Number of protein chains: 2
Amino acid sequence: MSETALHERIRADIEGQILSGAVLPGGKIPSELELMEVYGCSRATVNKALSRLNDAGLVYRRRKVGTVVAKPANQSMVLDVPDLRTEIAQRGQTYRYHVVDRVIRSAARNNDEEKRLAGKGRLLFVKGVHIADDRPFAFEERLISLATVPTIVKADFTFEPPGSWLLEHIAWTEAENIIGATAASEECAACLAIPVDSSCLLVERRTWRGEEGITQVRQQFAAGSYNLIARFGPDQGKKQ
Amino acid sequence: MSETALHERIRADIEGQILSGAVLPGGKIPSELELMEVYGCSRATVNKALSRLNDAGLVYRRRKVGTVVAKPANQSMVLDVPDLRTEIAQRGQTYRYHVVDRVIRSAARNNDEEKRLAGKGRLLFVKGVHIADDRPFAFEERLISLATVPTIVKADFTFEPPGSWLLEHIAWTEAENIIGATAASEECAACLAIPVDSSCLLVERRTWRGEEGITQVRQQFAAGSYNLIARFGPDQGKKQ
DNA sequence: CAGTGGTCTAGACCACTGA
DNA sequence: CAGTGGTCTAGACCACTGA
């Protein structure tokens with residue numbers, strides 16, 4: 001085995017040709033048979049390289065036609081949505097979560113979204129503040145489906161905030177984030193120690209496991225105190 | 001060949017066991033040799049299934065140890081960052097871009113970021129407002145590297161806004177978005193027809209082609225008028 | 001029909017790493 | 001040392017699809 005695998009070298013070669021513009025969108029990549037000769041390897045190896053490029057969306061492949069460079073209509077970026085406790089710890093700050101309110105209740109009768117989340121069970125509502133180095137950092141209101149996550153009623157959130165607890169105990173299969181701005185309500189402003197109506201970053205997230213809703217959460221951050229970062233680049237694909 | 005490929009069936013089987021919680025994080029997936037017997041297939045086939053799970057971050061694999069279910073630390077979502085003109089058109093609204101200012105200048109001497117973007121060339125600065133159905137929608141300040149994109153000096157932005165022009169004419173390989181909130185400045189408030197200091201969603205984006213900077217842009221949206229949406233789900237991975 | 005990719009097999013040698 | 005994954009080969013049959 002050489003330093004880097006051959007299939008990886010082939011993949012990088014072709015990716016380079018695409019990104020440098022040497023092969024334009026719509027342009028053809030050599031067929032697997034041709035690449036076998038160029039690299040003096042088996043078809044399985046070039047197939048692996050081309051399949052990865054296909055998975056990454058850089059090319060598409062069709063029988064008889066061959067492998068073609070895709071158009072960069074690809075405007076999707078990768079947004080890391082980290083656990084707040086983890087993120088604050090990584091900054092070297094001390095983390096604390098303060099529970100403002102904690103109630104078990106049924107879904108509101110006039111709220112279809114809550115009813116979908118609750119299913120046939122009840123909801124745990126938790127309101128709290130994330131605190132970094134004794135300064136309030138995020139105001140959070142969260143609903144959790146007890147039908148999906150019954151064991152969370154025993155959790156102690158002064159020890160571990162509900163978001164982190166859920167991450168440790170439940171695998172989600174689907175999530176949606178809506179990111180916007182809002183003006184701080186009186187309660188939010190009091191919790192974050194900022195003036196009423198000042199500008200806040202607002203993140204609303206819903207997560208599911210298959211068809212079952214797990215949680216929905218609304219987080220507010222004082223403007224400038226926190227940003228989300230989304231990236232697109234060639235250094236993707238490294239995990240764990 | 002059956003309806004779905006065998007490697008895909010194996011992948012889905014194991015994914016199901018992970019997502020349902022039948023195998024917990026840290027739990028072991030059978031070795032390739034064991035799975036060969038279970039599914040009565042060759043090692044290459046189970047390897048392909050397990051490799052895809054590894055790429056997706058659901059498991060990690062180590063020699064001698066085997067394949068282990070990863071902790072769901074995997075909090076990366078896909079954020080679509082669409083072209084504003086396209087997005088407004090898709091909503092069925094009429095789109096217009098109003099140029100507030102347009103200047104060609106050198107990088108500011110005390111601004112390292114501008115100097116990196118400019119390289120050895122000058123910068124095109126464009127300030128403008130995106131308008132949907134005659135209502136101001138976004139306030140935008142943009143710098144474009146003329147070293148990288150010299151032909152943009154001839155573009156008519158009343159016809160096509162600079163962001164859309166760039167999308168049509170330049171392929172980028174890397175992009176970074178910083179998403180936060182801010183309070184509207186006097187100028188921004190005037191352009192968006194909102195009160196000074198009201199809450200705005202702020203998107204700052206930089207794009208590169210290889211090592212060369214293409215553009216950096218700062219867009220502000222009145223709170224509530226626009227949201228970004230990021231998703232994670234099983235319907236990912238379909239491209240083109 | 002003929003070219004191209006999709007998938008699979010049976011086997012091989014090797015690298016890494018826990019015991 | 002022994003088990004496990006990483007990679008590769010040479011070959012096979014098939015499905016799809018443009019000409």
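Chain naming here is simple, since letters A, B, ... match the order of the sequence lines and numbering starts at 1 in each. Remember, predicted model here, so these are calculated numbers, not experimental data.
Below 30°, between 30° and 60°, or above 60°: for B/H130 and B/Y95 the angle between ring planes is between 30° and 60°, a tilted geometry.
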query: Reading DNA chain C 5' to 3', how would its secondary structure be written in dot-bracket notation, given Watson-Crick and G-U pairs with both distances under 3.5 Å, brackets [ ] for crossing pairs and | for partners on other strands?
result: ||||||||||||||||||.
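Applying side-chain contact (heavy atoms from CB on, under 4.5 Å) to A/R205 and the options A/I178, A/T215, A/V81 leaves one that passes, A/V81.
With rounding to whole Å, A/L6 atom CG is found 12 Å from D/dA10 atom P. Computed from coordinates, the B/L53 CG to D/dG6 C1' distance equals 16 Å when rounded to whole Å. Taking atom CZ of B/R43 as the reference point, atom P of D/dG5 lies 7 Å away to the nearest angstrom. Rounding to whole angstrom units, CD1 of residue A/I14 and P of C/dG5 are separated by 11 Å. The distance between atom CD of B/E8 and atom C1' of C/dG6, rounded to the nearest whole Å, is 13 Å. In this structure, the OH atom of A/Y60 is 14 Å from the C1' atom of D/dT17, given to the nearest Å. The distance between atom CG of A/L35 and atom P of C/dG5, rounded to the nearest whole Å, is 8 Å. Between the CZ atom of B/R52 and the C1' atom of D/dG6 there is a distance of 16 Å, rounded to whole Å.
Within the 3.5 Å criterion, the main-chain N or O of A/S31 finds a donor-acceptor partner in the side chain of A/E34. Judged by distance alone, the side chain of B/S51 and the main-chain N or O of B/N47 form a donor-acceptor pair under 3.5 Å. With hydrogens and angles ignored, the 3.5 Å screen pairs a side-chain donor or acceptor of A/D133 with a backbone N or O of A/T94.
Using a 4.0 Å cut-off between charged nitrogen and carboxylate oxygen, A/R11 and A/E8 count as a salt-bridge pair. The residues A/R52 and A/D55 are annotated as not salt-bridged, no charged nitrogen and carboxylate oxygen being separated by less than 4.0 angstrom.
With D/dT7, C/dT9, C/dA2 as the candidates, the nucleotide lying closest to the side chain of B/C41 is C/dT9. The nucleotide whose nearest atom lies closest to any side-chain atom of A/R63 is, among C/dA10, D/dG6, D/dA15, D/dA15.
For D/dT4, neither phosphate oxygen OP1 nor OP2 lies less than 4.0 angstrom from any side-chain nitrogen or oxygen of B/R61. One finds a side-chain N or O of B/T45 lying less than 4.0 angstrom from the OP1 or OP2 phosphate oxygen of C/dT9.
Counting non-hydrogen atoms under 4.0 angstrom, A/T67 reaches the backbone sugars and phosphates but no base.
Taking the nucleotide of DNA chain D with the nearest heavy atom to each of A/K64 and A/G40, the more 5' of the two is matched to A/G40. Take the nearest nucleotide of DNA chain C for A/L33 and for A/A44: the residue whose nucleotide is more 5' is A/L33. Checking A/S42 against B/S31, the closest nucleotide of DNA chain D that is more toward the 5' end is the one next to B/S31.
Contact of A/R62 with D/dG18 (side chain to base): no donor-acceptor pair of N or O atoms is detected under 3.5 Å.
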